[in-house]
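The model shown is predicted, which means the values in this text are computed figures rather than measured ones. We're numbering straight along the sequence, starting at 1.
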Amino acid sequence: MSTPLPGWTDELARARLHFVTGKGGTGKTTLAAALGLALAKGGRRVLLIEVEGRQGFAQLFDTEPLPYAEQRVASAPGGGELRALHIDVEAALLEYFEMFYNLGFAGRTLRRMGAIEFATTLAPGLRDVLLTGKIKECVGRTESDGRHTYDAVVVDAPPTGRVVKFLDVTKALTDLARTGPIRGQAEGVVRLLHSGETAVHLVTLLEEMPVRETLDAVAELDGADLRPGAVLVNRVRPPRLPARSLTAAADGRVDASRVRSGLAAAGLDLPEPTLDALVAETVEHAIRIAAEQRARDQLAEADLPTLELPDLTDGVDVAALYDLAETLIEQGVR
């Protein structure tokens, strides 16, 4: 049986740019926020970035929709600070015009004419270039004393089916743009995303489809020379049966008379239909635990650090994000 690598590695601790991806519905936005909080512990400053226009961070931290500006959303234990940025593609393109071509006024005119929407529709890769270019600027920005503005940047990335195209699109653009600022920008993004400063973490559930997508994404990342980080297994529920009983129960071999005797010893006398339902639920639970163990064995094939996060039965609020962050810290995130 394969054994997953434990916890957060020293190599991951050296990364400054963390992309968090996963199959839709696995909780990648929630875990990106929790990872940001964990990385901000001890007085560090961390930036959360979202690129898909869903305002997921604003909902998680119960704030107004985020503007195209870095805004403080939470503090972290030890004096850390968490900021968030919602990247608007049009605003990023206007910023690009002004930064590289001194075309602030012309850019606003193009916006009124609808030229920006036309350009990003005509060249879909341009959208991803603008997004990754802004991410690079945030990662590389420094203060007057030469220190980086942010100790780490965490991006709620597109889902696993699109993440490699999102991260690798600048290579194609570099091939197309032979000279000028756009080439220099693209080359800088490529260097960052393919460097040891960047890690791509994959969120999954212990279910067949998310696990399969996770393993496919790891292979794609490896093929594109991008660095997979850790596997974040979300919504893990603890087993309620002793390990010695799981195999028999998963095969439907539950002795109802022994269950009744145990309940009676605890002072419970249940009617027959309730006892039958309890036995059926026991079998169902054992089958799920066996399936989850098979999923763990499959994930171990990726040979990546693996961290597990609990199932939050009461839903996700700000307090729950801090709990998840603490769970990540306990598994070595730093």
Side-chain angles (χ1 to χ4, degrees), residues 1-9 12 18-35 38 56 60 156-163 199-222 228-254 280-316 320-321 323-333:
M1 181 184 296
S2 301
T3 303
L5 296 175
W8 205 249
T9 64
L12 290 178
H18 302 264
F19 289 94
V20 180
T21 184
K23 178 178 168 57
T26 57
K28 69 181 180 67
T29 301
T30 298
L31 294 198
L35 178 60
L60 282 173
D156 181 15
T160 43
R162 210 179 82 77
V163 71
V200 185
H201 309 296
L202 300 110
V203 178
T204 189
L205 306 177
L206 292 175
E207 297 173 5
E208 183 179 358
M209 286 298 293
V211 166
R212 185 179 303 157
E213 280 208 21
T214 297
L215 295 176
D216 288 346
V218 169
E220 280 192 75
L221 289 165
D222 284 336
V231 175
L232 306 178
V233 184
N234 199 15
R235 300 176 196 157
V236 175
R237 293 169 289 186
R240 304 296 184 187
L241 292 172
R244 66 180 183 277
S245 304
L246 281 172
T247 301
D251 289 338
R253 291 181 281 119
V254 177
E281 190 172 332
T282 300
V283 171
E284 184 181 324
H285 175 77
I287 291 171
R288 178 176 63 77
I289 293 299
E292 288 179 353
Q293 186 54 55
R294 289 193 295 272
R296 281 191 179 90
D297 293 341
Q298 285 182 284
L299 286 173
E301 296 171 12
D303 198 30
L304 293 174
T306 303
L307 291 75
E308 294 195 354
L309 289 304
D311 186 29
L312 301 176
T313 54
D314 295 331
V316 179
L321 289 176
D323 289 342
L324 290 173
E326 193 57 40
T327 301
L328 291 171
I329 291 168
E330 289 170 358
Q331 296 176 79
V333 173

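Not one N or O on the side chain of Q298 forms a donor-acceptor pair closer than 3.5 Å with the backbone of R212. No donor-acceptor pair under 3.5 Å is formed between the side chain of K28 and the backbone N or O of P159.
The two residues L312 and A320 make their nearest non-hydrogen contact at CD1-CB, 3.8 Å. Across L215 and A302, no two heavy atoms sit closer than the pair CD2-CB, 3.9 Å. Between V163 and P158 the shortest heavy-atom distance is CB-O, 3.8 Å. Across all their heavy atoms, L12 and A199 have their closest contact at CD2-CB, 3.9 Å. Closest approach of A286 and A250 over heavy atoms only: CB-N, 3.4 Å. Residues G229 and L304 approach most closely at O-CD2, 3.7 Å, considering heavy atoms.
Using cut-offs of 30° and 60° for the angle between ring planes, the H201 and W8 rings count as tilted.
Remark: T282 OG1 to L246 CG distance equals 11.0 Å, nearest 0.5 Å. Taking CG from L206 and CD from Q293, the interatomic distance works out to 8.5 Å, rounded to the nearest 0.5 Å. Atoms OG1 and CD1, from T247 and I289 in turn, are 12.0 Å apart once rounded to the nearest 0.5 Å. Going from atom OG1 of T21 over to atom CD of E213 covers 9.0 Å, rounded to the nearest 0.5 Å. With rounding to the nearest 0.5 angstrom, the CD1 atom of I329 is 11.5 Å from the CG atom of L307. The distance from atom CG of N234 to atom CG of L31, rounded to the nearest 0.5 Å, is 4.0 Å.
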Evaluation steps, side-chain contact (heavy atoms from CB on, under 4.5 Å), between V236 and R296: CA-CA 11 Å; V236 175; R296 281 191 179 90; 3.6 Å; yes
R237/E292 under side-chain contact (heavy atoms from CB on, under 4.5 Å): CA gap, chis, key distance, verdict: CA-CA 10 Å; R237 293 169 289 186; E292 288 179 353; 3.6 Å; yes
side-chain contact (heavy atoms from CB on, under 4.5 Å) assessment of L60 paired with L321: CA-CA 8 Å; L60 282 173; L321 289 176; 4.1 Å; yes
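Inter-residue side-chain proximity for T160 and D216 is flagged as unmet; no heavy-atom pair is nearer than 4.5 Å. The side-chain heavy atoms of L299 and T204, taken from C-beta on, include a pair separated by under 4.5 Å. Side-chain contact between P310 and L324 is present, with at least one heavy-atom pair separated by less than 4.5 Å.
Between the side chains of T29 and D156, at least one donor N or O sits under 3.5 Å from an acceptor N or O.
Taking a cutoff of 4.0 Å between a charged side-chain nitrogen and a carboxylate oxygen, E284 and R288 do not qualify as a salt bridge.
Around the CD atom of E330, the shell of radius 6.0 Å holds more than 12 heavy atoms that belong to other residues, nucleotides or ligands.
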